[in-house]
Amino acid sequence: MTTTDLPAVTTAATVPGPATPYQNDIAQYWNHEARPVNLRLGDVDGLYHHHYGIGDVDHASLGDPGDSEREKKVITELHRLESAQADVLLNNLGAIPRDATLVDAGCGRGGSMVMAHQRFGCKVEGVTLSAKQAEFGNRRARELGIEDSVRSRVCNMLDTPFGTGEVAASWNNESSMYVDLHDLFAEHSRMLAVGGRYVTITGCWNPVYGQPSKWVSQINAHFECNIHSRREYLRAMADNRLVPQAVIDLTPDTLPYWELRATSSLVTGIEEAFISSYKDGSFQYVLIAADRV
């Protein structure tokens with residue numbers, strides 16, 4: 001199917017909504033979410049993300065502590081780091097042809113989808129339980145004139161409308177902690193073509209630590225999610241014909257983002273849990289790229 005064959009995008013939900021009470025709770029959580037840390041960063045350049053950042057902070061760009069524009073500069077720098085994270089994910093998708101279909105599972109407000117289309121020129125489909133997020137993402141696609149190629153749907157990522165083997169590459173960017181991993185990877189494996197690439201960037205608790213730490217428990221409670229261990233990711237991939245090609249520890253790369261965010265006006269109260277758990281080794285930030293065999 002070409003991009004011109006896509007049905008017209010509407011803001012209304014046209015597919016089934018949440019399938020379980022928990023999914024309904026998550027849908028309502030994100031339908032009502034309007035944190036400045038997500039919206040003000042996106043206002044910088046119109047790319048609205050729902051993930052964190054990686055890379056060294058450009059302290060020279062922030063100016064002096066007493067600079068009246070410093071807070072604005074901090075927000076710009078935080079946004080640069082979160083877009084850098086999306087770039088790293090896209091780098092690990094490999095070569096993507098222009099006639100491919102990509103799927104962003106748990107697409108948020110669609111920033112990564114826009115970046116993927118701008119890079120590869122292909123069709124990008126996003127799924128989210130939140131009608132509000134889907135409407136936001138589709139509105140931005142129309143504003144950018146790419147609505148024929150970039151579309152968000154209200155949809156359960158465990159039961160997507162895509163055909164078997166239809167998708168060239170797919171990803172979860174900080175969204176896999178809301179679902180059972182075996183169910184999730186079974187669906188990615190079904191929709192991916194043989195040889196297709198799956199990438200996830202996620203926080204996971206470190207099995208070497210022994211059990212989820214108190215910090216991980218705080219993060220779970222804050223986001224109403226269930227963080228998995230690194231071992232669970234690898235086991236569930238192996239059970240679903242997804243063979244890891246790269247496992248990258250991004251923990252040292254994400255700490256600068258959190259330490260800068262903790263000094264900004266955008267704090268949400270969860271910053272200490274992330275910083276402390278990354279430093280004590282109980283929590284890790286990882287990228288896993290796997291091929292469908």
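Worth saying up front: this structure is predicted, and the values here are computed from it rather than measured.
In this structure, E271 contributes its side chain and T268 its backbone to a donor-acceptor pair below 3.5 Å. No side-chain donor-acceptor contact under 3.5 Å links S152 to the backbone of T128. Listed for the R140 side chain is a donor-acceptor partner under 3.5 Å among the backbone atoms of G46. The closest donor-acceptor contact from the side chain of Q284 to the backbone of D249 lies at 3.5 Å or more, if one exists at all. In this structure a side-chain-to-backbone donor-acceptor pair under 3.5 Å is present from R292 to S189. For the pair H50 (side chain) and N38 (backbone), a donor-acceptor distance under 3.5 Å is absent. A distance-only check finds a donor-acceptor pair linking the side chain of R197 to the backbone of N92 [under 3.5 Å]. Checking side-chain atoms of T254 against main-chain N and O of G53 turns up a donor-acceptor pair under 3.5 Å. The backbone N or O of Y29 sits nowhere less than 3.5 Å from a side-chain atom of E224 that would complete a donor-acceptor pair. Under the 3.5 Å distance criterion, the side-chain polar atoms of N206 are matched with a main-chain donor or acceptor of G281.
The shortest heavy-atom contact between L181 and A236 is CB-CB, 3.8 Å. Taking each heavy atom of G203 and Y285 in turn, the nearest pair found is N-CD1, 4.0 Å. The two residues L266 and R40 come nearest to each other via the heavy atoms CD2-NH1, 3.8 Å. Nearest heavy-atom pair, L93 versus L102, reported as atom, atom and distance to 0.1 Å: CD1-CD1, 4.4 Å. Here the shortest heavy-atom pairing between S264 and E71 reads CB-OE2, 3.7 Å. A193 approaches G165 most closely through the heavy-atom pair CB-O, 3.5 Å.
Between E77 and R80 a salt bridge is recorded (basic side-chain N to carboxylate O distance below 4.0 Å). Look at E187 and R190 and you find a salt bridge, because one of the NZ, NE, NH1 or NH2 atoms lies within 4.0 Å of a carboxylate O, short of that distance.
Grouping the Ile, Leu, Val, Met, Phe, Trp and Tyr side chains by contacts below 4.5 angstrom, directly or via other members, places L47 apart from F136. Hydrophobic clustering, with ILVMFWY side chains joined whenever heavy atoms are under 4.5 angstrom apart, keeps Y48 apart from V114. Clustering ILVMFWY residues whenever any of their side-chain heavy atoms sit less than 4.5 angstrom apart, transitively, puts L39 in a cluster other than the one holding W30. Y209 and F274 are not part of a single hydrophobic cluster, where members link through side-chain heavy atoms under 4.5 Å apart. Linking ILVMFWY residues whenever their side-chain heavy atoms come closer than 4.5 Å, directly or via other members, leaves L255 and W215 in distinct clusters.
Counting only heavy atoms from C-beta outward, the side chains of M115 and D87 approach each other to under 4.5 Å. For the pair V150/L144, no side-chain contact is recorded, criterion being any heavy-atom separation below 4.5 Å from C-beta on. Side-chain contact between Y22 and Y178 is present, with heavy atoms from C-beta onward closer than 4.5 Å. Using a 4.5 Å heavy-atom threshold, the side chains of I227 and P212 count as separate. In this structure, E125 and P161 have side chains that are not in contact, with every pair of non-hydrogen atoms separated by 4.5 Å or more. At least one side-chain heavy atom of M191 sits under 4.5 Å from a side-chain heavy atom of T160. For the pair V37 and L78, the minimum side-chain heavy-atom distance is 4.5 Å or more. Contact check for L192 versus R241: no side-chain heavy atoms found under the 4.5 Å cut-off.
Atom NE2 of H188 is separated from atom CG of L158 by 8.5 Å, given to the nearest 0.5 angstrom. To the nearest 0.5 angstrom, L184 atom CG is 7.5 Å from S175 atom OG. Distance check: S112 OG to R119 CZ gives 11.0 Å after rounding to the nearest 0.5 Å. Here the straight-line distance linking atom OG of S170 with atom CG of L242 works out to 8.0 Å at 0.5 Å rounding. Annotation: the span from S265 atom OG to R70 atom CZ amounts to 12.0 Å, rounded to 0.5 Å. Distance OG/S149 to CZ/F120: 14.0 Å, rounded to 0.5 Å.
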Could you walk me through whether E232 and W205 pass the side-chain contact (heavy atoms from CB on, under 4.5 Å) test, one step at a time? CA-CA 10 Å; E232 290 175 275; W205 65 269; 4.0 Å; yes

With side-chain contact (heavy atoms from CB on, under 4.5 Å) as the test, would you mind laying out the steps for I54 and L81 before giving the verdict? CA-CA 5 Å; I54 59 173; L81 296 175; over 6 Å; no

Where do W258 and K279 land on the side-chain contact (heavy atoms from CB on, under 4.5 Å) test, with the steps shown first? CA-CA 11 Å; W258 284 101; K279 287 184 174 181; over 6 Å; no

Using the rule given for side chain to side chain donor-acceptor pair (under 3.5 Å), can you reason through Y233 versus T202, listing the C-alpha separation, both sets of side-chain angles and the distance that settles it, and then say yes or no? CA-CA 10 Å; Y233 279 91; T202 187; 3.0 Å; yes

What verdict does the side-chain contact (heavy atoms from CB on, under 4.5 Å) test give for N156 and V127, after you've listed the backbone C-alpha separation in whole Å, the side-chain angles of each residue and the deciding distance to 0.1 Å? CA-CA 7 Å; N156 178 0; V127 298; over 6 Å; no

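Tested against R109 for a side-chain hydrogen bond (donor to acceptor under 3.5 Å, both in side chains), the candidates E135, Q133, E33, H49 yield a single pass: E33. Each of D291, N172, N240 was compared with Y198 under the side-chain hydrogen bond (donor to acceptor under 3.5 Å, both in side chains) criterion, and only N172 meets it.
Taking the six-membered ring where the residue is Trp, Y257 and Y52 present tilted rings, their angle falling between 30° and 60°.
More than 12 heavy-atom neighbours from other residues, nucleotides or ligands sit within 6.0 angstrom of CD on Q245. More than 12 heavy-atom neighbours from other residues, nucleotides or ligands sit within 6.0 angstrom of NZ on K73.
In this structure, V293 shares a hydrophobic cluster with V243, the cluster being traced through Ile, Leu, Val, Met, Phe, Trp and Tyr side chains under 4.5 angstrom apart.
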